Protein chains: 2
Amino acid sequence: MKNPLTPKQVARAIGVSESSLKRWCDRGLIPTVRTAGGHRRLPLAGVLRFLRENEHRLERPEILGLPASTGQGEWTLSRAREHLLRGLVAGDETVCRQVIFDLYLAEQSIATICDEVIAEAFREIGDQWDCGNVEIYQERRGCEIASRLLFELQLALPAPAADAPTAIGGTPEGDPYSLSTGMVALALRDLGWRATSLGSMLPFSTLKAAVANGRPKLFWLSVSAIDHREQFLQQYEELFEEFSPQVAIVVGGRALTEDVRQQMRYAAYCDNLRHLSSFATLLHAQTEPIG
Amino acid sequence: MKNPLTPKQVARAIGVSESSLKRWCDRGLIPTVRTAGGHRRLPLAGVLRFLRENEHRLERPEILGLPASTGQGEWTLSRAREHLLRGLVAGDETVCRQVIFDLYLAEQSIATICDEVIAEAFREIGDQWDCGNVEIYQERRGCEIASRLLFELQLALPAPAADAPTAIGGTPEGDPYSLSTGMVALALRDLGWRATSLGSMLPFSTLKAAVANGRPKLFWLSVSAIDHREQFLQQYEELFEEFSPQVAIVVGGRALTEDVRQQMRYAAYCDNLRHLSSFATLLHAQTEPIG
DNA sequence: GACAAAATCGTTCAAATCGTTCATTTTAAT
DNA sequence: ATTAAAATGAACGATTTGAACGATTTTGTC
């Protein structure tokens, strides 16, 4: 788990000579820092980004502190989902990390990883819970693990540009499911946005204040549970009315069934993160037509 | 807080061997003073200057910047708390990271950082919220930031030994404050335990299952809020009765006022993480007397 | 103040890394 | 197929790093 890494470690992990690695560093392909004595040190996040961009395989992942066999196997999304599910239920963070980083290195978009693997795994956990096959603590522990992995992925993403569009969002009061809004933030960051999740259980009054203070280009509301439907709809309408044309208000979440949506106005309703990504890309391109 | 730092502290904090650090001192890269006996002492200001100038991008880029700590003024815990508070309210993760890693550089124990700075900052945020000075979303966003920083700190800790004692814990149903249980897990990991937080809002039924399945040496329950007092006490008593002698059951949290505690049995009640750390150390030493 | 444990001293040494050069292999274009 | 350009891997002496060692200092406790 050492970070930053030495050139020798990385060279052996990737399976190339130290000479090549040094050249890549000097050409700026891998972000490099120097010790006071002039030796190179390579932050893990930069190495992973390089591997991903250049479609390199990891010969010896364990050297980087990653689980053995990360970055060499062929993963179908369904196999990944299976493995992740087992890891989450067992509380095995190592297994989960391997699955996620494998997918990341295989150049899957963050949105795809979240949609097809993480979200699906938790949907399955929910089903298993209904059947009494998994305990609540296993689901909660899985959420903790997933949150960590999302954060680790964020560390591997480049920092957003200073002029990148901003986005904020969260879940409304009565919805404690913070994982979903965390995934939204990460997916938007993957697109280059300066996205910040405000967390979960946020009353509409404070959501209004957040939008008013933050002036984002996009605001998302992830709704996995609704306490009082009428109140929710009314307060949401107020928020939409107040900010709608200036701020793109995007909603999503399994609690927004069709009959609920029919009583809502929104800039976009997104079933999943790929929909959201498409919309965000479109929005950014349209409002910033020249760049 | 001790201002002149020992080489060991600094070496550990910036991730370099003591040998190299000593050489850098002798080469004049880091201003060094000597004790009467010849031991090196490194003023914090000089160390920070060295990090900014020579190690521009080594290890933790977030250490550089240091808006307020660069001055020769004492970087007291209360000043750190102040800065962290402002960063949390403003949602500025960079500032918060600087504060925390400054402290990590200057202090050994994570328990102290959590107790004196993070927990205190959130207590202050709670007060400000009562006065209507901060919005709920600022508190929630602060929690998100703090969670990330705890996770980053954990990444800096060595992995627990294979034979390390295990501990699990969480917050009961009705208590959504997951930050506290996350801090407990981190403090125990700092002591070398294999600690896992199960998260928040856990019904007692599933807590029992978790203890039964995990067989930890220590179980903690962090209680920041109690929904139904009678039910809480009764279910807690059941859990204690079932596992008490084999598993050390530790409780804490601001919801456990004195009158509540008087109706509870526990291996230890901990006001803060330093109490918990003492107890955990004692427990480990007693049950593993030879090693 | 005396004592024991822990930390630090200065030093030495093997391993790793530096920058550089050069021969070989791979890639791309003619 | 031939050739030029580019990338790779291996080698070199000089320097840096991390770990070890016994001797000394600091720290905590009685």
Side-chain angles (χ1 to χ4, degrees), chain A residues 1-44 46-47 50-51 53-60 62-65, chain B residues 1-44 46-47 50-51 53-60 104-109 112 156 158-159 190-192 274 277-278 281-282 284-285 288-291:
Chain A
M1 284 271 190
K2 276 253 172 82
N3 193 7
L5 306 144
T6 68
K8 183 168 203 167
Q9 286 177 299
V10 177
R12 279 198 304 177
I14 303 180
V16 298
S17 71
E18 292 181 52
S19 296
S20 296
L21 191 73
K22 284 192 290 188
R23 267 188 293 263
W24 295 342
C25 292
D26 294 344
R27 259 197 289 166
L29 299 178
I30 302 178
T32 309
V33 300
R34 297 277 185 158
T35 68
H39 285 196
R40 297 178 184 83
R41 292 292 127 93
L42 315 180
L44 177 60
V47 174
F50 168 79
L51 291 173
E53 287 165 1
N54 295 65
E55 303 186 28
H56 255 290
R57 287 172 42 119
L58 266 176
E59 303 286 334
R60 311 273 305 280
E62 66 276 8
I63 297 178
L64 304 186
Chain B
M1 173 181 311
K2 296 180 291 185
N3 188 336
L5 303 157
T6 68
K8 186 174 199 172
Q9 286 177 299
V10 177
R12 187 181 68 105
I14 67 181
V16 78
S17 73
E18 287 183 59
S19 297
S20 295
L21 191 74
K22 285 191 290 187
R23 265 187 298 263
W24 296 343
C25 291
D26 296 345
R27 237 194 289 169
L29 299 177
I30 304 176
T32 310
V33 297
R34 297 278 186 158
T35 67
H39 285 197
R40 296 177 185 82
R41 288 297 123 91
L42 316 180
L44 178 58
V47 174
F50 167 77
L51 289 174
E53 292 171 358
N54 297 72
E55 307 217 348
H56 218 263
R57 288 150 194 159
L58 175 61
E59 182 69 359
R60 298 275 168 203
Y104 182 67
L105 181 74
E107 275 283 333
Q108 313 92 328
S109 123
T112 301
D190 192 30
L191 296 178
R274 266 173 308 180
S277 297
S278 305
T281 305
L282 179 74
H284 187 36
E288 209 90 10
I290 310 300

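These numbers were taken from a predicted model, which means no experiment stands behind them. Here is the naming used below: chain letters follow the sequence lines, and residue numbers restart at 1 for every chain.
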Sort me out a list of protein N/O and nucleotides 14-18 of chain D N/O pairs below 3.5 Å, or just none if empty.
unit_1, atom_1, unit_2, atom_2, d
D/dT16, O4', A/His39, NE2, 3.3
D/dT17, OP1, A/Thr35, OG1, 2.9
D/dT17, OP1, A/Gly37, N, 3.0
D/dT17, OP2, B/Trp24, NE1, 3.2
D/dG18, OP2, B/Ser17, N, 3.3
D/dG18, OP2, B/Ser17, OG, 2.9
D/dG18, OP2, B/Ser20, OG, 2.7
D/dG18, N7, B/Arg23, NH2, 3.0
D/dG18, O6, B/Arg23, NH1, 3.4

Residues that [X] engages under side-chain hydrogen bond (donor to acceptor under 3.5 Å, both in side chains), provided they are two or more places apart:
X: B/Arg40; result: B/Asp26
X: A/Ser19; result: none
X: B/Arg274; result: B/Glu116

Send over the distance from [X] [atom1] to [N] [atom2], rounded to a whole Å.
X: A/Leu42; N: C/dA16; atom1: CG; atom2: C1'; answer: 14 Å
X: A/Lys8; N: D/dG9; atom1: NZ; atom2: C1'; answer: 15 Å
X: B/Leu5; N: C/dT8; atom1: CG; atom2: C1'; answer: 15 Å
X: B/Lys22; N: C/dG10; atom1: NZ; atom2: C1'; answer: 7 Å
X: B/Gln9; N: C/dA6; atom1: CD; atom2: P; answer: 17 Å
X: A/Ile14; N: D/dT8; atom1: CD1; atom2: P; answer: 11 Å

Between B/Phe50 and A/Ala36, the two heavy atoms sitting closest are CZ-CB, 4.0 Å

Output for pair (A/Arg41 CZ, A/Thr35 OG1), nearest 0.5 Å, gives 5.5 Å

Students should find that the end-to-end axis angle of the helix from C/dG1-D/dC30 to C/dT30-D/dA1, with five pairs defining each axis and rounding to 10 degrees, is 50°

Any side-chain donor-acceptor pair under 3.5 Å between B/Thr281 and B/Ser278? no

Practice prompt. May I ask you to verify if any side-chain N or O of A/Arg40 is less than 4.0 angstrom from the OP1 or OP2 atom of C/dG19?
Written response: yes

task = Side-chain contact test, heavy atoms from C-beta onward, threshold under 4.5 Å: evaluate it for A/Leu42 versus A/Pro4 and give yes or no.
result = no

For residues 5-20 of chain A, the salt bridge (charged side-chain N to carboxylate O under 4.0 Å, His left out) pairs (sequence neighbours left out) are none

